[in-house]
Amino acid sequence: MKFAKRMDMFTEGIFSKLANLKEEKIKEGMHVVDLSVGTPNIPPAKHIIDALTKQAKDINSYLYPLNDKEDLKEAVSKWYKNRYGVDLDPDTEVQSLLGSQEGLAHISFSVVDPGDVVLVPDPCYPVFADGPKLAGAELYYMPQREENGYVINLDDIPEDIRQKAKLMIVSYPNNPTTAMAPDSFYKDLIDFAQKYDIIVLHDNAYSDLVFDGKECGSFLRFEGAKDVGVEFNSLSKTYGLAGARVGFCVGNKDVVSNLSKLKSNMDYGMFLPVQKAAVAAITGDQSCVEVTRKAYEKRRNILCDGLSGIGWDIKRCSSTMFVWAKIPKKYTSSEKFCFYLLDRTGVLVTPGSAFGPSGEGYVRMALVQDEEEIIKAIESIDKSNILK
């Protein structure tokens, strides 16, 4: 059998590798605290589940949806107006995604041709790079350096790359670095994109998971943003709908239209009960969002303060459901450290190298376990003496 050459670009995904290692340790009788994959364990609020289950009992729900229903598009438009102060035309500026991952994997097919340059953050969520690679794009990595608060410095992008670039992917609050970008960055980004005719995709999955009284809005609230790009948003983390796969592409009508055209040839739309759950989430009682945010903030405090207390100096992250930390000084490889950490302590985290070249020397920890499990992880690391 002969397979597509594009698959030569990919090896076994790091999360699959970590999952296999986890299963091995469990079979050996080890208690594993899994902080690797960002799989939320906070369930949806009751009114969201009720909306889904009620629609699931309607036999007509099992027909092909084909398109987003009007009430879903209207709900997204109202959500963006109420939450972000952004006006969206529900008919031309809203397209659902079967989760942001699906949209990120496919949108490049509607934007770039083989050989086009796509600008991606480094480090970045893997599909930011994998999607463009599947479409045959050439990648240019934009470093997110600690000394710059992990915010991309647009001035560092060479002039020849600027001239060739067709698409730029950015995301703040950022996965994996947890950084937030100042308003000045977005204003510079829009000017940059307008000057070089680059389409911007801003991923905004964590705008409601910000801590210490801070607030976060939308890229689209800035003047000129809709002229140059779109924003992806997700209900996975904020509303606990990760398994239901609900995301949205909103903004520039031409980008949205092209993505909609592509999706019409790839899938038959979002399951109707999931559409109803999405409507209930973004139009219903929003107190569940604050409950979720507080839960992640408390977990962050326990993990960061606890690890710092036993000798692993880790700063509290300002946002997201992750912690981005330098590996202890005596270790040189983030992947080897993660494997060693699992072997000695039963704590599973993700090596920073999985997120791009600049991720080496770091690990990402997901705040996806209850407080008791996080405390067990800290105690196990302390007893192992691997920080000594």
Pairing of Lys226 and Glu93 as salt bridge, 4.0 angstrom limit:
yes
Any salt bridge between Arg316 and Asp305, counting N to O under 4.0 Å?
yes
Side-chain donor/acceptor of Arg344 to backbone N/O of Ser384, under 3.5 Å:
yes
To the closest 0.5 Å, what do you measure between NZ (Lys298) and CG (Leu367)?
13.5 Å
Salt bridge between Asp313 and Lys326, side-chain N to carboxylate O under 4.0 Å?
no
In Å and rounded to the nearest 0.5 Å, what is the CG to OG distance from Leu18 to Ser36?
5.5 Å
If the test is side-chain contact (heavy atoms from CB on, under 4.5 Å), which one of Thr283, Leu235, Val86 qualifies with Trp79?
Leu235
Answer yes when Lys73 and Glu70 have at least one side-chain N-carboxylate O distance shorter than 4.0 Å, and no when they do not.
yes
N/O donor-acceptor pair under 3.5 Å between Arg162 side chain and Leu154 backbone
yes
Can you tell me which residue among Ser318, Cys216, Cys317 is in a side-chain contact (heavy atoms from CB on, under 4.5 Å) with Val210?
Cys216
Answer whether the closest heavy-atom distance between the side chains of Phe271 and Arg245 falls below 4.5 Å.
no
Please test Lys294 against Glu297 for salt bridge (charged side-chain N to carboxylate O under 4.0 Å, His left out), starting from the C-alpha separation and ending with a verdict.
CA-CA 5 Å; Lys294 286 183 177 178; Glu297 184 170 14; over 6 Å; no
Aromatic rings Tyr362 and Tyr150: how do their planes relate, parallel, tilted or perpendicular, breaks at 30° and 60°?
perpendicular
With distance as the sole test, does Ser77 use its side chain to make a donor-acceptor pair with the main-chain N or O of Leu88 at under 3.5 Å?
yes
Which pair of heavy atoms, one from Tyr172 and one from Ala179, lies closest together, and at what distance?
CD2-O, 3.5 Å
Got a salt bridge between Glu379 and Lys376, using NZ or NE/NH1/NH2 to carboxylate O under 4.0 Å?
no
Is it true that Asp89 and Lys253 make a salt bridge, defined as a side-chain N closer than 4.0 Å to a carboxylate O?
no
Applying side-chain contact (heavy atoms from CB on, under 4.5 Å), name anything that partners Ser260, two or more places apart in sequence or on another chain.
Gln95, Val256
Can you label the angle between the Tyr206 ring and the Phe322 ring as parallel, tilted or perpendicular, going by 30° and 60°?
perpendicular
Residues 264-275 vs side chain to side chain donor-acceptor pair (under 3.5 Å), sequence neighbours excluded, gives Lys263-Asp267
Salt bridge between Asp183 and Arg221, side-chain N to carboxylate O under 4.0 Å?
yes
Presence of salt bridge, Lys25 and Glu28, under 4.0 angstrom
yes
Whether the Asn258 and Ser110 side chains hold a donor-acceptor pair (N or O, under 3.5 Å, no angle test) is what I'd like checked.
no
If you group Ile, Leu, Val, Met, Phe, Trp and Tyr by side-chain heavy-atom gaps below 4.5 Å, do Phe211 and Ile302 land in one group?
yes
The ring pair (Phe, Tyr, Trp, His ring centres under 6.0 Å) partners of Tyr80 (sequence neighbours excluded) come to Tyr84
